[in-house]
Structure formats: structure tokens, C-alpha cells
Amino acid sequence: MTAKECDHHEEEEHRLYRQLFSLFLGFIVLVLFIIFLVFLILRPSKPAFVIRDATIYQFNASSMPSLLTTDMQVTLSSRNPNERIGIYYQKLDIYASYRGQQITLPTLLPDSYQGHKEVIDWSPFLYGSAVPVSPFLTSALEQDQNTGSVLVNIKVDGNVKWKVGTWISGKYRLHVNCPALLVFKEPIGGIAAGPSMKIQITQHCTVDV
């Protein structure tokens, strides 16, 4: 084979590789366009979360040293507003915070699938035994308890996936923040049940996906 024939053969190979790459790239662009078009038509909406109540078993602080002990159970609901899109919830951690500081350990919620227009309820326990906090926090908590109400935030962090037909998307980060005003004094305070107190809240949460 002459040098000219070798050059011609290599040029043919390069042309074939370029054509294959162009076809592959075109296929990827087409798939991404179809996915974008489907989402544009379906208009997926993020789930709606509501915190409905909280049962307080212990919520006490000590000043020397500054420690906070929390023991509560909350009821949290999630609704899928989509008519054609299902939602997978994965690795959801729920915990409580007070004035920007986490006061309970994260509790792992069970992985769940939520169908169209479906509602899921969770009732996890949240614990935080002798959690070190700043002296400012114990002072603020004492003032709030004296006024009869304490604002805590119930937060959820985890992953969601969207399901359209048989297609399932990649993971998206989910962040939920539920302000929960715990009112202890009558006439709108909680209902005492032995050593615990159940407080009705029904507060909508902010959701970021």
C-alpha cells in the first residue's frame, strides 16, 4: 500500500469517527430535548408540606452548663400536587432547630413513593438529650417559655426523584422548613395528656427543590 493510499484510508476512518460522534451527540441532544419538552408540558410542581401537630414530652434547658433536652413527636404531611408525575422520597432526615441551632438528632424517615395527588403522613419522634447550646439560647428559651409560646423549626433534608410513566429522573435535593409555634398557655394552648402535651399547629412549610 502506497503512502497516498494510507493517507486516504486514515482520512476515511477519521470521517467515519466524526460521523459516529455527530450521530451520538445528536442522539443525546434529542433525548435531552424530549425530557425538557415532557417537563414543560407536564409542568411538575414541588410537593406541599404541612406540619399538623406536635406532642411535647420534654423541652427543658439548664443554664450551668447550657444544655437543652428535647423529646417530641410531630405529625408531618406531604401532598403531591401533580396529576401525571410521581415522587420518590429518599434519605429524608427530619430534625428540630431553635433560633437557628439544631437541637435534636436527625431522624431518618422511611423511603416512600408518592403517587399522583397522593398524601403521605409521617409521625417521627425527635430526640435531643442534653444538647450543648449557647448561654444566649437558654436565656431566650426561658423568656419564650415565660410568655407561653416557643417557636421552633422542623426541618427536612433529603432527596427526591420524579417519575413520569416508566421514566425516573436523577436525584434532586429537597429542603423543607416548617415553623412550629408551640403555644403552652390557655385558651389556645396544648392539650395535656399525662406528662406530655399535644399542640395543634397546622402550619404550611416552605419547600425548596
Side-chain angles (χ1 to χ4, degrees), residues 20-55 70-128 131 151-182 198-209:
L20 291 175
F21 178 76
S22 298
L23 288 173
F24 177 75
L25 185 62
F27 175 75
I28 295 297
V29 171
L30 179 62
V31 170
L32 293 176
F33 175 75
I34 292 173
I35 293 174
F36 172 76
L37 188 62
V38 168
F39 266 66
L40 192 64
I41 294 173
L42 296 176
R43 294 182 181 179
S45 298
K46 56 190 177 184
F49 281 74
V50 177
I51 183 168
R52 302 203 175 278
D53 60 56
T55 301
T70 307
D71 185 0
M72 67 170 67
Q73 182 182 19
V74 298
T75 301
L76 187 69
S77 295
S78 169
R79 179 178 179 272
N80 178 6
N82 298 287
E83 294 183 355
R84 298 180 180 88
I85 300 176
I87 303 175
Y88 283 100
Y89 296 99
Q90 298 178 332
K91 298 180 180 179
L92 298 185
D93 281 326
I94 182 170
Y95 58 93
S97 69
Y98 175 67
R99 293 184 179 258
Q101 181 170 341
Q102 184 173 334
I103 58 174
T104 68
L105 295 171
T107 297
L108 183 64
L109 299 177
D111 290 353
S112 307
Y113 172 73
Q114 190 174 45
H116 315 149
K117 298 291 185 178
E118 192 173 278
V119 175
I120 294 178
D121 293 321
W122 295 285
S123 295
F125 286 89
L126 306 179
Y127 303 98
V131 176
L151 178 64
V152 300
N153 290 81
I154 307 301
K155 297 186 177 183
V156 179
D157 294 324
N159 300 320
V160 294
K161 290 183 177 181
W162 310 104
K163 182 177 183 294
V164 181
T166 58
W167 177 81
I168 300 174
S169 74
K171 294 180 182 179
Y172 290 82
R173 290 296 296 171
L174 174 72
H175 303 283
V176 182
N177 181 24
C178 306
L181 184 64
L182 309 179
K198 186 170 184 177
I199 303 173
Q200 298 295 329
I201 301 173
T202 314
Q203 173 66 47
H204 290 273
C205 313
T206 59
V207 180
D208 294 316
V209 179

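Because the structure is predicted, anything quoted here is derived from the model rather than measured.
Under the rule for a ring pair (Phe, Tyr, Trp, His ring centres under 6.0 Å), Phe125 has no partner lying at least two apart in sequence or in another chain. Scanning for side-chain contact (heavy atoms from CB on, under 4.5 Å) contacts around Asn177 gives Asn153, Lys155, Thr206, with sequence neighbours left out. For Leu105, the side-chain contact (heavy atoms from CB on, under 4.5 Å) test picks out no residue, with sequence neighbours left out. By the side chain to side chain donor-acceptor pair (under 3.5 Å) test, Asn80 pairs with Asn82, sequence neighbours left out. For Tyr89, the ring pair (Phe, Tyr, Trp, His ring centres under 6.0 Å) criterion is met by Trp122, not counting sequence neighbours. For Leu181, the side-chain contact (heavy atoms from CB on, under 4.5 Å) partners two or more places apart in sequence, or in a different chain, are Ser149, Leu151, Val183.
If you take CG on Leu92 and CG on Asp111, they are separated by 7.0 Å, rounding to the nearest 0.5 Å. Atom CG of Asp208 and atom OH of Tyr172 lie 15.0 Å apart (nearest 0.5 Å). A distance of 11.0 Å separates CG of Leu182 from CG of Asp53, quoted to the nearest 0.5 Å. With rounding to the nearest 0.5 angstrom, the CG atom of Asp121 is 8.5 Å from the CG atom of Leu76. To the nearest 0.5 Å, the span separating CD1 on Ile103 from CE on Met72 amounts to 5.5 Å.
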Worked verdict on Thr104 versus Tyr127 for side chain to side chain contact (heavy atoms under 4.5 Å, CB included): CA-CA 5 Å; Thr104 68; Tyr127 303 98; 5.7 Å; no
Intermediate values then yes/no, side chain to side chain contact (heavy atoms under 4.5 Å, CB included), Asp93 and Thr107: CA-CA 5 Å; Asp93 281 326; Thr107 297; over 6 Å; no
Side chain to side chain contact (heavy atoms under 4.5 Å, CB included) between Thr70 and Val131, worked out: CA-CA 8 Å; Thr70 307; Val131 176; over 6 Å; no
Pair Ile94-Val74, side chain to side chain contact (heavy atoms under 4.5 Å, CB included): steps then yes or no: CA-CA 10 Å; Ile94 182 170; Val74 298; 4.1 Å; yes
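Between Tyr113 and Ile120, the shortest heavy-atom distance links the atoms O-CD1, 3.9 Å. The two residues Arg79 and Pro81 have their closest heavy-atom pair at O-CD, 3.3 Å. Across all non-hydrogen atoms, the minimal contact from Ala54 to Ile201 is CB-CD1, 3.9 Å. Pairing each heavy atom of Ile51 with each of Pro179, the nearest pair is CG2-O, 4.3 Å. When all heavy atoms of Glu118 and Gln114 are compared, the pair lying nearest together is O-NE2, 3.1 Å.
Put simply, the side chain of Ser97 never gets that close to the backbone of Tyr95: no donor and acceptor are under 3.5 Å apart. Side-chain atoms of Thr75 never come within 3.5 Å of backbone atoms of Arg52 as a donor-acceptor pair (strictly under, hydrogens ignored). A side-chain donor-acceptor contact under 3.5 Å links Ser169 to the backbone of Trp162. Under a 3.5 Å cut-off, the side chain of Lys163 and the backbone N or O of Ile87 do not form any donor-acceptor pair.
Counting heavy atoms from C-beta on, the side chains of Lys161 and Lys171 come closer than 4.5 Å. Within the 4.5 Å cutoff, the side chain of Ile154 has no heavy atoms near those of the Gln203 side chain.
Within 6.0 Å of atom NE2 in His116, more than 12 heavy atoms from other residues, nucleotides or ligands are found, so the atom counts as buried in its surroundings.
Residue Asn159 is tested with Gln90, Lys91, Arg173 for a side-chain hydrogen bond (donor to acceptor under 3.5 Å, both in side chains); the sole match is Arg173.
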